[in-house]
Amino acid sequence: MTVSLRSFPALRWRRGLQQLARLDYAPVLGLRRFGHGLLLVAAGLALLFALTGQPRPLASWHGMDLLSEGGLCGLLALWLAQLRSSRPPGPVSNRLFLGLAAWLLGAWVDLLDEFWLLPKAWWWDNALESGLTLAGIVLLTWGLQGWRQEQLALNEQLRRRERDWRDHRRLDPVTRLADAVYMSQCVSQQLQRAEPAWLLMLGFEAFEQVLREAGLAEAEALLDSAARLLCLNLGRQDLVCRYAGDRFVLLLPGLDETSGPALERTLAQALAALSHADAQGRRWQLAVRSSGLALPAPGQPEELMLELARRLASA
Amino acid sequence: MTELAAALQALGLPPPPAASYGREQAVLNWCDQGALLAEFARQRGLVIEHWLQDAGVQPGGLLSPAQLLALLAPLLRLGADAPFVLGQLWWPGHYGLASQALRQSAHVLQAAERLARRAGRLSPLLTPRVLRQEGRLWLLFTEACGLPAAQRAALVDLHLAAFVGFCHWRGGQRLPWRAHFNRSRPRDPGAQLVWLGPELQFDCQVDALSLPLDCARKPWAAEGGAELALAALEAGADAQALRRGWLAGLSEQLLAQLCAGAPSLETLARSQGVSPATLKRQLAAQGTHYQAELDQLRALVAAALMKLHGWSPERVGAALGFGDASNFRKSFRRWTGLSPRAWA
């Protein structure tokens, strides 16, 4: 039996650190090297303790304190790295970053206490510890309040692309729509509500030709344009997801056997009118096929969508 | 010639022996499949240096199948449609003379035959095999030199989508393909349906495409120019194109020996000119072992004989060297999870 080197946890750790080092970190207050600055301040504090304090004898080290305070420092540093590598710079980001950084330094001073004894008469280490932690938590709270408002604004932008809940694993990287699994969850909720709705699938006639003749980049740009065009044509309660390939699946609540097909025709015409210009200046305008069914309908959501895909494939 | 050998020959098996390449052997040009993958990785926003570094690959030069698989692994995880989109770019591809010859095929059947013959260049990871039976063309995809289990399904999807897509593009129309999968039905086979067509069959013993032969022989519009690429290939250009994956070559030898009676590891090793211990080690390096290969092959042959030739389970059992029918039934159930009756 062969054992892969990668199965050793120690090597996976190294890989994790390598991944962390590859990330792109947002600047804080315009400072790109904020992390290095933070390290420098932490080292300065450690030096201050080493120069002014009495090393604590090994016998009076508290294992539990070291573990909890060291762990808190480590986790705060990780949170800061995660946040900086995922958020764009801006006022809200700055508050969050600075809050976490101040809290981290407070925790660091707390940790240094465990290694060096300072004379009881000195007050600055306690002030530093409490002040930094308090400032950090206040900044973080202020930042989270901003984050909430920012998120509400973003939710409004994402309307028609998501409904009721969010799952980033279900996002399609090309069109930035949710995928078929997300749609099937929404359809099953719709089925539970037992209200009328129209489930619709749209697809291009000769998409593969674009892929081969204009290339992958153009084909994906075409899909992205199509997704945006569909979003423009939808109401607030509607949802569009990417099914697979060049197929889009739409859930239109409140429509019935007569209004559903009418909107279906309108959407298919809108998509067929899309004329995508590629980098060579060639225009691609593809015929569109559509197929829809009224909800509630018997069957699992996946089967309903599969039925629509089958109708589209054999149309 | 035994009855079994005659039946297999009627199926077009086994093909003539060919030189082989192993999983770690650097035989593929970077600018063939490697460059294609790099383009896809760039389009999907991967950092190319990191992607290459993780796969342990230097661009340029030659790639081994193992490196190609390592390059593919992160790409196949980029969205549910990644294998199918890669498939659209896979054939005819820009792999030199072999691609040109594939492109100049006159119809589906000829394309399948050219693909199977030049698999070393066109399809280095899964070896295509062409069968003609019951008025249908079958294009089977078998492992060339071992695949990681996690990538298997996606790679099969990629290859099936590649051939369906190539024929659609070359012939200008959708064909009534039937796609067969050697795996159970996924919860939502939507992507397979969209890219491969509405006829999907899961829980088959093979990964294959099939098409009525009259569709497969329908001529395509001629591609301009003389068939210079094919002539050059026939004259011996591009030796790699003719080579087969080590595992594919081995199962061909095993198949030939299967006709002569129950083969053993020792006889197979002797015919390869290596010691049994070396053969075992080589098989382990491809992530498999002798009994697994033998079982897989016997399952395939039994399934084909029953389904395509209409043989009874008793007859198949006897031809494969099983003493009695119940023994064969038990083995078939172990290989495939199905009873022979249920399969036939």
Side-chain angles (χ1 to χ4, degrees), chain A residues 1-2 4 6 15 18-19 21-24 169-177 179-181 183-184 201 203-213 215-221 223 241-249 300-315, chain B residues 36 39-47 49-51 53-54 70 77-93 148 157 161 164-170 172-174 176-177 185-200 281 284-287 289:
Chain A
M1 190 180 145
T2 54
S4 160
R6 288 177 184 210
R15 201 171 166 80
Q18 192 187 20
Q19 297 288 352
R22 279 176 182 176
L23 295 175
D24 208 4
R169 292 166 304 176
R170 303 268 62 97
L171 277 184
D172 167 55
V174 176
T175 56
R176 286 160 288 159
L177 297 176
D179 66 4
V181 178
M183 176 57 96
S184 70
M201 193 172 286
F204 289 115
E205 197 69 65
F207 176 71
E208 292 88 350
Q209 199 192 346
V210 186
L211 193 61
R212 279 184 188 268
E213 292 176 17
L216 183 58
E218 293 301 338
E220 299 201 331
L223 287 180
C241 291
R242 183 170 179 206
Y243 184 62
D246 57 333
R247 310 285 165 87
F248 295 94
V249 58
Q300 292 296 313
E302 292 89 3
E303 295 303 324
L304 295 177
M305 291 195 288
L306 214 55
E307 174 56 31
L308 288 180
R310 206 171 282 131
R311 277 195 230 160
L312 225 57
S314 40
Chain B
L36 186 153
E39 170 59 14
F40 182 78
R42 194 189 59 80
Q43 173 63 20
R44 289 287 165 104
L46 293 193
V47 179
E49 297 83 66
H50 296 163
W51 171 65
Q53 201 184 343
D54 287 348
R77 289 194 296 266
L78 294 174
D81 69 331
F84 300 96
V85 173
L86 274 170
Q88 299 302 306
L89 310 171
W90 205 247
W91 290 327
D157 287 346
V164 169
F166 166 69
C167 294
H168 177 200
W169 168 72
R170 187 62 185 77
Q173 61 170 354
R174 280 179 205 281
W177 287 106
R185 186 181 187 274
R187 191 175 154 81
D188 183 10
Q192 282 83 2
L193 193 147
V194 167
W195 291 98
L196 300 173
E199 284 199 66
L200 304 175
R281 206 174 49 247
Q286 319 284 324
H289 54 90

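Below, read A as the first sequence line, B as the second, and so on, with proteins coming before strands; counting in each chain starts at 1.
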Taking the side chain as everything from C-beta on, heavy atoms only, tell me whether A:L312 gets closer than 4.5 Å to B:V194. no
What part of A:V174 lies closer than 4.5 angstrom to a heavy atom of chain B: side chain, backbone, both or neither? side chain
At a 4.5 Å cut-off on heavy atoms, which part of B:H168 comes close to chain A: side chain, backbone, both, or neither? side chain
All heavy atoms of B:W91 vs all of A:R212, minimum pair found to be O-NH1, 2.9 Å
Does any heavy atom of chain A fall under 4.5 Å from the side chain of B:P176, the backbone, both, or neither of them? neither
Using non-hydrogen atoms and a 4.5 Å limit, figure out which bit of A:Q18 sits close to chain B: side chain, backbone, both or neither. side chain
If the condition is ring-ring contact (aromatic ring centres under 6.0 Å, His included), which residues does B:F166 pass it with, not counting sequence neighbours? B:W220
Specify which of A:P173, A:A180, A:A217, A:A219 makes the most heavy-atom pairs with chain B at under 4.5 Å. A:A217
Would you mind telling me which of A:E208, A:R22, A:E302 has the largest number of heavy-atom pairs within less than 4.5 Å of chain B? A:R22
Roughly how far, to the nearest 0.5 Å, is the CD atom of B:Q43 from the CG atom of A:L216? 4.5 Å
Count the heavy atoms belonging to other residues, nucleotides or ligands that lie under 6.0 Å from CD of A:E205, then report whether that count exceeds 12. yes
Measuring heavy-atom distances to chain B, does A:R310 have an atom under 4.5 Å in its side chain, in its backbone, in both, or in neither? both
Closest-packed option against chain A by number of heavy-atom pairs under 4.5 Å, given B:P198, B:G79, B:G190: B:G190
Let's go through A:M305 and B:L193 carefully: what are the C-alpha distance in whole Å and the side-chain angles of both, what is the deciding distance for side-chain contact (heavy atoms from CB on, under 4.5 Å) to 0.1 Å, and is it a yes or a no? CA-CA 11 Å; A:M305 291 195 288; B:L193 193 147; over 6 Å; no
What part of A:Q19 gets closer than 4.5 Å to chain B, counting heavy atoms only: side chain, backbone, both or neither? side chain
Can you say whether B:P92 sits under 4.5 Å from chain A via the side chain, the backbone, both, or neither, judging by heavy atoms? both
Between B:R42 and A:E220, is there a side-chain N and carboxylate O pair less than 4.0 Å apart? no
Between B:A191 and chain A, with a heavy-atom cut-off of 4.5 Å, which part of the residue counts as in contact: side chain, backbone, both or neither? both
Walk me through it: do B:D188 and A:V181 pass the test side-chain contact (heavy atoms from CB on, under 4.5 Å)? CA-CA 8 Å; B:D188 183 10; A:V181 178; 5.6 Å; no
Residues passing the salt bridge (charged side-chain N to carboxylate O under 4.0 Å, His left out) test with A:D172, sequence neighbours excluded, are A:R242
d(A:L306 CG, B:L200 CG) to nearest 0.5 Å is 8.0 Å
Which atoms of B:Q53 come close to chain A, meaning under 4.5 Å heavy atom to heavy atom: side chain ones, backbone ones, both, or neither? side chain
